[in-house]
Protein chains: 2
Amino acid sequence: MSITREKIIELGENLILSRGYNAFSYQDISTELGVKNAAIHYYFPSKENLGTSIVRTNIQRFEEMIDNMHSRGFDEWQQLDTFIKIYIKSHREKKLCLVGSLGSDFNTLNENTKKELIRMTEIILNWLTSTLTTGREKSIFKFNEEPQNKAILILSSLVATLQISRIIDNIDYKSICQSITDGLKP
Amino acid sequence: MSITREKIIELGENLILSRGYNAFSYQDISTELGVKNAAIHYYFPSKENLGTSIVRTNIQRFEEMIDNMHSRGFDEWQQLDTFIKIYIKSHREKKLCLVGSLGSDFNTLNENTKKELIRMTEIILNWLTSTLTTGREKSIFKFNEEPQNKAILILSSLVATLQISRIIDNIDYKSICQSITDGLKP
DNA sequence: AAATATACTTACTAATAAGTAAGTATTAAA
DNA sequence: TTTAATACTTACTTATTAGTAAGTATATTT
């Protein structure tokens, strides 16, 4: 895979996470890369292609992380902590996550990017639900809600607290994450 | 106040909640209203004026609701239920809330709209934090987190579950709200 | 009756957006 | 050594955007 192509995806992702899908242009990417906007169209003929590729790259990254955690034999606490650390990093870098950013722009997205975003959100929620279910079976976690509901509540908290932190800057993101995990302790 | 002006604010708000700040134009509003786009500029010279007015209108609406609940002597449970019902209505109407929608677009907003959004979010969180604090003092609520953290967690859950519901359509929003309130029961 | 304010329309401008067709320099393969 | 693929640039088009200046019809005030 071309290095320019990878840089375009990386820059595009950062632009989506910092400014949103409808507020970034091919010019933003090409200027940053020091090329002409037609060069971006060479790799991604339309913004639809770029958006879809960005989400696909994220799905791949997430699935690799899950595989890696499973092959290392991570228990449910270690898995949840690793997942939460992604959000703590996003907060440190003043970025949102794709679910929150593209979720807000959902109605304006093209069909393919929508499809990949749906797929990505399902993959995350399915993993989280199954991790919560197994963790509770093993008495590692304790909670009363349906695992699916608990998964949505945890993901929502992580996603929207990033957004609210952007509005109100004195929020202690790590402390919020602590509250989330405290709510799962037996 | 002019009825056209009010309609513009209402349409603008709905456009922000369904498509986001950067994906709606004065044309969208003028077409819907059956006037020319210059008519919108007559009431709101710039998009900054419109955005700011939309947020201010929401602040006013929220403050009126709070005043109303206080003057009716609503207890903390009734207040929280009333607040959550706003979100259930938004979900039914397939809309987001301003905090979530404009939170995602925050970095692209003008200074005045940012200021009002900050003010609105602070008002909501301060009310929620104080309601939770008082409710716990009265043993109406039970929770272990810091009230400020609990307020952020509740607001985040409401906000981002609207976004996630847009992506994944089989989410039972009311059931999520039930999980939120169940977590406060003594 | 004349002046003024209100609520617009007409007819623009300048900037930026996505997207394209055709050309060029460089590297790799036949 | 010619051919072809790769990685772009040049130079454009078309559409949409926010925004404006000047004009007009209607109602209200003086």
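Naming: A, B, ... by sequence-line order, numbering from 1 per chain. Quick note: numbers below take in every heavy atom, side chains included, and nothing from hydrogens, waters or symmetry partners.
- Using a cut-off of 4.0 Å between Lys/Arg side-chain N and Asp/Glu carboxylate O, Glu111(A) and Lys114(A) are scored as salt-bridged.
- The interatomic distance linking Asn37(B) (CG) with dT17(D) (C1') rounds to 9 Å, in whole Å.
- In this structure, OG on Ser156(B) lies 8.0 Å from CD1 on Ile180(A), to the nearest 0.5 angstrom.
- In this structure, Lys7(B) is not positioned above the aromatic face of Tyr43(B) in the sense of NZ or CZ being under 6.0 Å from the six-membered ring centre and within 45° of the axis.
- If you check residues 22-35 of chain B against DNA chain C, the residues with a heavy atom closer than 4.0 Å are Val35(B), listed by number.
- Atom P of nucleotide dC12(C) and atom NE2 of His41(B) are separated by 17 Å, given to the nearest angstrom.
- Under the side-chain hydrogen bond (donor to acceptor under 3.5 Å, both in side chains) criterion, Glu93(A) pairs with Lys95(A), sequence neighbours left out.
- Atom C1' of nucleotide dT20(C) and atom CG of Asn49(A) are separated by 14 Å, given to the nearest angstrom.
- Atom CZ of Arg5(A) and atom C1' of dT6(D) are 14 Å apart (whole Å).
- The distance from the CG atom of Asn14(B) to the CD1 atom of Ile9(B) is 12.0 Å, given to the nearest 0.5 Å.
- The listed nucleotides are dG19(C), dC8(C), dT9(D); the one nearest the side chain of Lys36(A) is dT9(D).
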For nucleotides 21-25 of chain C, tabulate all protein N/O to nucleotide N/O atom pairs closer than 3.5 Å, reporting atom names and distance.
none

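- Using a 4.0 Å cut-off between charged side-chain N and carboxylate O, Glu122(B) and Arg119(B) make no salt bridge.
- The aromatic rings of Phe143(A) and Phe141(A) sit tilted relative to each other, their planes meeting at an angle between 30° and 60°.
- Residue Leu50(B) contributes atom CG, which lies 14 Å from atom C1' of dG19(D) at whole-angstrom precision.
- Rounded to a whole Å, the NZ atom of Lys47(B) is 18 Å from the C1' atom of dT20(D).
- To the nearest 0.5 Å, atom CD1 of residue Ile54(B) and atom CD1 of residue Ile59(B) are 12.5 Å apart.
- Here the P atom of nucleotide dA7(C) and the CD1 atom of Ile40(B) are 13 Å apart, to the nearest Å.
- Using a 4.0 Å cut-off, no side-chain N or O of Tyr43(A) falls inside it from OP1 or OP2 of dT6(D).
- The nearest whole Å value for the distance from the CG atom in Leu15(B) to the C1' atom in dT17(D) is 15 Å.
- The CZ atom of Phe62(A) sits 3.5 Å away from the CD1 atom of Ile66(A) when rounded to the nearest 0.5 Å.
- At dA7(D), one or more side-chain N or O atoms of Tyr42(A) fall inside 4.0 Å of OP1 or OP2 (strictly under the cut-off).
- With distances taken from any side-chain atom of Thr4(B) to the nucleotides dC8(C), dC8(D), dG19(D), the minimum falls on dC8(C).
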